[in-house]
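A short write-up of the structure that comes next.
Protein chains get the first letters and strands the later ones, always in sequence-line order, with residue 1 at the start of each.
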There are 2 protein chains.
Amino acid sequence: MNLETALDRLKEKGYKRTKQRERILEIFVKQDHYIAAKDILKKIQQDFPGVSYDTIYRNLYLLTEEEILEATELGGEKHFRLGCGTHGHHHHFICTTCGKTKSIEFCPMDKVQGLNGYDIENHKFEIYGKCPQCS
Amino acid sequence: MNLETALDRLKEKGYKRTKQRERILEIFVKQDHYIAAKDILKKIQQDFPGVSYDTIYRNLYLLTEEEILEATELGGEKHFRLGCGTHGHHHHFICTTCGKTKSIEFCPMDKVQGLNGYDIENHKFEIYGKCPQCS
DNA sequence: ATTTAATTCGTAATCATTATTATTTACAAA
DNA sequence: TTTGTAAATAATAATGATTACGAATTAAAT
């Protein structure tokens, strides 16, 4: 997903195009890593010294809601990355050093049995380790 | 795992048997639910009004380290349950209402391909939803 | 009973996240 | 272009989970 596509999608829903929002998106479009909220803040502060956590979280959640970003919890902190919406539901290997990810096309839910009577809402499958560059 | 087995295992490693530690273990032995740290605190306070968070977390982490408990993150909070060490590596369905779990014997790592050159350290597979009683 | 290291208590600090209120801004319509 | 208005932001403050720390207590080995 590129910057303009994302901003257009927001516009359709009636959300405004702000410099901060644009800048947040730019950061994600540039790399397919999971990034912690506080690291986003740091990067944005280079352009907007006064930007507040409120702005960061509000936008990260909005973008996740709109399925432009994907969220996960790593080490007790929420992390975000640009969604990989194009190639359907999948999972990730996540490098614990640099945060870079690799898509895993296989979804274990296809193979799970024995949950008759259970109301399944969600699932999480992630693999952690070092990518070839970091290991 | 029962109380005495767990306490014996700690003793072997040189850890002392304290009332607080015993009480924490009792709680976990009684039920196979994931419990939040703060809920453990509440329960312990019934017997030891002055117990501190320090004691709770120190023990929960110790017990997890010693593989007596298992930990996971639910809704931004660390939750703990008695380990299911006896029947080998497996995963869980976790009820988002009551915390009760159901074991999933299938492990997706057996089926994953395409990670040559990646150093795999860990993985997480959990299914969330409502158990038959809560749905 | 004495000793000693482990453990706990009581409290404060930290860190991520959420909430609040006043101000500013995007943008559509006049 | 100006104006009206809802959306968005800034600048805190508040919350809630977790971690840290010094002093006091305790388990258990000798």
Side-chain angles (χ1 to χ4, degrees), chain A residues 3-4 6-27 34-66 68-69 71-80 99, chain B residues 3-4 6-27 34-66 68-69 71-80 99:
Chain A
L3 189 64
E4 289 306 321
L7 286 165
D8 286 350
R9 207 196 286 186
L10 289 179
K11 191 169 190 176
E12 277 169 31
K13 295 288 193 78
Y15 298 110
K16 292 179 180 171
R17 174 172 188 145
T18 67
K19 298 184 292 290
Q20 294 86 341
R21 200 163 271 170
E22 206 170 310
R23 190 72 192 80
I24 289 172
L25 273 168
E26 274 172 20
I27 290 167
Y34 272 107
I35 311 176
K38 65 161 178 277
D39 292 326
I40 297 294
L41 181 73
K42 271 185 217 150
K43 284 176 200 280
I44 304 283
Q45 279 179 331
Q46 294 167 7
D47 298 322
F48 305 96
V51 76
S52 72
Y53 262 114
D54 183 83
T55 299
I56 299 300
Y57 279 106
R58 188 165 20 75
N59 281 304
L60 291 177
Y61 290 156
L62 169 67
L63 293 169
T64 304
E65 195 69 29
E66 294 301 320
I68 292 167
L69 297 184
T72 193
E73 191 121 5
L74 298 171
E77 283 179 66
K78 292 189 180 75
H79 285 62
F80 301 83
Chain B
L3 190 63
E4 290 306 321
L7 285 165
D8 287 349
R9 206 194 289 187
L10 288 180
K11 192 171 188 175
E12 279 169 30
K13 296 286 193 79
Y15 298 109
K16 293 178 179 172
R17 175 170 186 144
T18 67
K19 298 187 292 292
Q20 294 88 341
R21 202 164 269 170
E22 207 170 308
R23 191 72 193 80
I24 289 173
L25 273 167
E26 274 173 19
I27 290 167
Y34 272 106
I35 312 176
K38 64 161 181 281
D39 293 327
I40 298 295
L41 181 74
K42 272 186 217 152
K43 284 175 200 281
I44 305 285
Q45 279 179 330
Q46 294 167 9
D47 298 321
F48 305 96
V51 76
S52 72
Y53 262 115
D54 184 82
T55 299
I56 300 299
Y57 279 105
R58 190 166 19 76
N59 280 305
L60 291 177
Y61 289 157
L62 170 68
L63 293 169
T64 304
E65 195 69 30
E66 294 301 319
I68 292 166
L69 297 184
T72 193
E73 189 119 7
L74 297 172
E77 280 179 70
K78 292 189 178 72
H79 285 62
F80 300 84

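Checking C:dT7, C:dT17, D:dA8 against every side-chain atom of A:Glu77, the shortest atom distance belongs to C:dT17. The listed nucleotides are D:dT9, D:dA28, C:dT8; the one nearest the side chain of B:Gln20 is C:dT8. When distances run from any side-chain atom of A:Arg58 to the nucleotides C:dT17, C:dT7, D:dA8, the shortest one goes to D:dA8.
Applying the side-chain contact (heavy atoms from CB on, under 4.5 Å) test to A:Ala71 and every residue at least two apart in sequence or in another chain returns A:Thr64, A:Phe80.
Counting non-hydrogen atoms under 4.0 angstrom, A:Arg17 reaches the backbone sugars and phosphates but no base. Note on A:Ser52: a base of the nucleic acid sits closer than 4.0 angstrom, heavy atoms only. A:Lys13 comes within contact range of no nucleotide atom at all, as no heavy-atom separation falls under 4.0 Å. Counting non-hydrogen atoms under 4.0 angstrom, A:Tyr53 reaches a base of the nucleic acid. Within 4.0 Å (heavy atoms only), B:Lys11 reaches no atom of the nucleic acid at all. At the heavy-atom level, B:Asp54 lies under 4.0 Å from base atoms of the strands shown. Residue-level contact check: B:Ala36 touches neither bases nor backbone, having no heavy atom under 4.0 Å from any strand.
Residues B:Lys19 and B:Asp47 have side chains not in contact (no heavy-atom distance under 4.5 Å, counting atoms from C-beta outward).
Contact record, B:Gln20 with B:Ile44: O-CD1, 4.5 Å, taken as the closest heavy-atom pair. Counting all heavy atoms, side chain and backbone alike, B:Glu73 lies closest to A:Gly76 at OE2-CA, 3.5 Å. Residues A:Arg21 and A:Lys16 come closest through the heavy atom pair NH1-O, 2.9 Å. Contact detail for B:Ile56 and B:Ala37: the closest heavy-atom pair is CG2-O, 4.0 Å.
Summarising the geometry, the separation between CG on B:Leu60 and P on D:dT19 is reported as 11 Å, rounded to the nearest angstrom. Note: CG (A:Leu10) to P (D:dA6) measures 21 Å, nearest angstrom. In this entry the distance linking OH of A:Tyr15 with P of C:dA28 reads 16 Å, nearest Å. Atom C1' of nucleotide D:dA10 and atom NZ of A:Lys19 are separated by 12 Å, given to the nearest angstrom. One can place CD of B:Glu22 at 20 Å from P of C:dA6, the figure rounded to the nearest angstrom. Nucleotide C:dC15 holds its P atom 17 Å from the CD atom of B:Glu73, rounded to whole Å. The CG atom of A:Leu41 sits 14 Å away from the P atom of C:dT18 (whole-angstrom rounding). Taking atom CG on A:Asn59 and atom P on C:dT18, their separation rounds to 14 Å, with Å as the unit.
Not a single donor-acceptor pair, N or O on each side, falls under 3.5 Å between the base of C:dA16 and the side chain of A:Lys78.
The nearest heavy atom of DNA chain D to B:Lys38 and to B:Thr18 marks one nucleotide each, and the one closer to the 5' end goes with B:Lys38. Mapped onto DNA chain C by nearest heavy atom, B:Gly14 and B:Val51 fall at different nucleotides, with B:Gly14 at the one closer to the 5' end.
The phosphate of C:dT8 has neither OP1 nor OP2 within less than 4.0 Å of any side-chain N or O from B:Lys16.
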